[in-house]
Amino acid sequence: MEQLAIFGGTPVRKVPIGYGKQYIDEDDVAAVVETLKYGDLTCGPKIEALEKKLCDVTGAKYAVAVSNGTAALHLAALAAGFGEGDEVIVSPITFAASANCILYAGAKPVFADINEQTYNMDPKEVEKLITPKTKGIVAVDFAGQSVDHDGLGEICRKHKLILIEDAAHAIGTRYKGKPVGSIADMTCFSFHPVKTVTSGEGGAITTNDENLYRRLIRLRTHGITRKREEMVHPSDAPWYNEQVEIGYNYRLTDIQAALLISQLKKLPLFAARRRAIVEQYNRAFSDMPEIIVQKEIPESDTVRHLYILRLNLEKLSCNRREFFDALHEENIYSQVHYLPVYFHSYYEKLGYTKGLCPNAEQYYQEVMSLPLYYALTDEDVQSVVKAVKKIVAHYSQR
């Protein structure tokens with residue numbers, strides 16, 4: 001028997017559509033198989049080849065491939081010199097790792113409210129939070145849209161702060177024509193399967209600063225160096241290496257690197273399809289008073305990782321949970337991005353309380369993420385649109 005939708009009748013889809021999914025083709029499979037058959041499995045040439053490819057894509061001078069996006073953020077926070085007694089400003093609308101990396105380094109996260117139209121960190125809110133203890137900013141390119149680099153850059157120059165850009169959502173995005181990855185002091189990427197390109201798990205940090213690059217390379221591999229100029233007790237012995245600081249095993253494998261190199265070759269294709277899907281959603285929802293479409297700043301040529309459906313609850317006789325459940329009954333599987341970080345019980349234990357960022361808290365009550373990935377067909381997109389319009393029509397208070 002066919003499942004009944006929440007309002008009766010049959011769902012708009014028989015087969016569910018998830019909110020995100022990787023796309024793997026035969027070239028990707030061949031790249032991995034070739035490495036398994038003929039290459040080093042770790043610490044081999046594919047890592048250097050990947051880092052060169054990432055520099056080509058982002059315009060950065062240096063790239064450091066790591067095991068995941070959280071590792072990238074952790075190493076960036078350490079390389080920035082964040083530590084005990086420091087404050088680092090971060091957005092609350094992000095995955096917890098953006099703030100956790102500050103805690104890993106021993107510093108204190110300070111949450112700056114978002115712009116209520118773009119959902120990115122608001123530079124005006126950042127400026128209000130600067131104190132003598134402020135050491136840096138972790139700015140999140142939420143949903144793929146670039147942060148306001150002009151506004152944040154001015155703040156960083158004025159107060160001599162380090163800018164780490166969390167671009168986990170934003171590979172391929174440009175700001176004023178410059179690729180994300182070449183603008184901030186350090187930019188961190190994630191290559192999880194729901195991202196635009198994937199290596200299964202994986203991450204990277206890009207930078208134009210040679211000193212930061214060398215530190216990141218050491219930190220990635222236990223704090224050990226083979227460079228004589230970095231050693232306390234240098235030796236000519238070919239086998240000699242020396243741990244000069246505490247570091248981590250955050251290496252990426254050559255298997256993952258081979259997959260990601262292949263995926264990056266398809267980035268223009270993936271980016272174009274994501275933009276086309278976003279265009280279809282925007283056309284469908286822009287004239288609906290019950291739906292608020294995320295604003296995109298003109299400086300950002302965005303490759304969207306997420307499509308945020310924001311409900312104008314004043315126009316609907318339901319709450320977000322009811323709308324979310326109704327979509328699920330139509331076999332459209334959405335997700336919520338994100339719970340404000342300081343709402344997590346761990347942060348509550350640290351003394352953070354609700355009310356810190358009113359725009360972020362209001363945003364959280366009203367949003368969910370619609371399906372957005374390369375393999376989504378136009379028919380799939382129209383199924384999502386049809387489901388949203390069906391539910392809006394049911395709950396509309398017009």
Side-chain angles (χ1 to χ4, degrees), residues 27-28 31 35 39-40 42-80 139 141 144 146-147 149 153 162-192 195-221 225-227 250-271 300-303 305:
D27 290 339
D28 298 325
T35 301
D40 297 311
T42 191
C43 300
K46 289 294 182 185
I47 302 301
E48 185 178 348
L50 169 60
E51 291 171 343
K52 182 180 184 305
K53 182 67 174 175
L54 285 167
C55 288
D56 292 343
V57 167
T58 64
K61 289 183 180 178
Y62 308 103
V64 179
V66 293
S67 52
N68 53 62
T70 302
L73 286 163
H74 185 191
L75 296 191
L78 294 175
D141 298 323
S146 173
V147 294
H149 274 287
I162 293 281
L163 179 60
I164 297 173
E165 186 172 4
D166 181 346
H169 294 181
I171 189 80
T173 291
R174 291 174 176 265
Y175 181 84
K176 288 188 168 180
K178 295 184 70 174
V180 163
S182 63
I183 306 169
D185 294 301
M186 288 175 279
T187 305
C188 299
F189 294 97
S190 168
F191 306 117
H192 182 276
K195 301 301 195 301
T196 301
V197 292
T198 187
S199 52
E201 288 282 1
I205 312 116
T206 58
T207 184
N208 294 323
D209 185 310
E210 184 177 1
N211 290 327
L212 288 173
Y213 168 68
R214 293 193 180 283
R215 180 107 196 272
L216 290 164
I217 289 289
R218 281 201 311 272
L219 288 167
R220 176 179 68 181
T221 313
T225 183
R226 292 182 177 274
K227 296 184 180 297
Y250 281 167
R251 296 189 301 261
L252 192 72
T253 68
D254 282 58
I255 304 164
Q256 293 166 298
L259 173 57
L260 187 52
I261 292 167
S262 179
Q263 287 267 299
L264 285 166
K265 292 174 184 175
K266 293 185 279 287
L267 179 57
L269 192 67
F270 291 166
S300 182
D301 180 11
T302 302
V303 177
H305 162 53

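Numbers here are sequence positions counted from 1.
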Sidechain-backbone polar pair: [X] side chain, [Y] backbone, donor-acceptor under 3.5 Å:
X      : Y      : answer
Glu201 : Ser67  : no
Thr198 : Phe191 : yes
Ser262 : Ala258 : no
Arg251 : Thr221 : no
Asp185 : Ile164 : no
Asp254 : Lys46  : yes
Asn208 : Ser182 : yes
Thr196 : Ile171 : no

Using 0.5 Å steps for rounding, measure from the [atom1] atom of [X] to the [atom2] atom of [Y].
X      : Y      : atom1 : atom2 : result
Leu216 : Arg218 : CG    : CZ    : 9.5 Å
Ile205 : Tyr62  : CD1   : OH    : 15.0 Å
Arg174 : Thr58  : CZ    : OG1   : 10.0 Å
Leu212 : Lys61  : CG    : NZ    : 12.0 Å
Leu264 : Asp56  : CG    : CG    : 10.0 Å

Which atom of [X] lies closest to which atom of [Y], heavy atoms considered:
X      : Y      : answer
Cys188 : Ala72  : SG-O, 3.5 Å
Ala168 : Asp166 : N-OD1, 3.1 Å
Leu163 : Ala139 : CD1-CB, 4.0 Å
Gly172 : Leu267 : CA-CD2, 4.2 Å
Ala63  : Leu54  : CB-CB, 3.9 Å
Ser146 : Asp141 : CA-OD1, 3.5 Å

Quiz item: Which residues satisfy the side-chain hydrogen bond (donor to acceptor under 3.5 Å, both in side chains) test with Thr302, sequence neighbours excluded?
Solution: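 Per chain and number, Thr302 pairs via side-chain hydrogen bond (donor to acceptor under 3.5 Å, both in side chains) with Glu296, Ser300.
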Taking the side chain as everything from C-beta on, heavy atoms only, tell me whether [X] gets closer than 4.5 Å to [Y].
X      : Y      : result
Met186 : Leu75  : no
Lys195 : Phe189 : no
Pro45  : Asp40  : yes
Val147 : His149 : yes

In terms of side-chain geometry, is the basic nitrogen of [X] or [Y] positioned less than 4.0 Å from the acidic oxygen of its partner?
X      : Y      : answer
Lys266 : Asp27  : no
Glu165 : Lys178 : no
Glu210 : Arg214 : yes

Quiz item: With under 30° as parallel and over 60° as perpendicular, where do the rings of His169 and His305 fit, or are they tilted in between?
Solution: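 Geometry flag for His305 against His169: tilted rings.
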Exercise. Please test Leu78 against His74 for side chain to side chain contact (heavy atoms under 4.5 Å, CB included), starting from the C-alpha separation and ending with a verdict.
Key: CA-CA 6 Å; Leu78 294 175; His74 185 191; 3.5 Å; yes
Self-check item: Thr35 vs Leu259, side chain to side chain contact (heavy atoms under 4.5 Å, CB included): CA-CA, chis, key distance, verdict
Solution: CA-CA 9 Å; Thr35 301; Leu259 173 57; over 6 Å; no
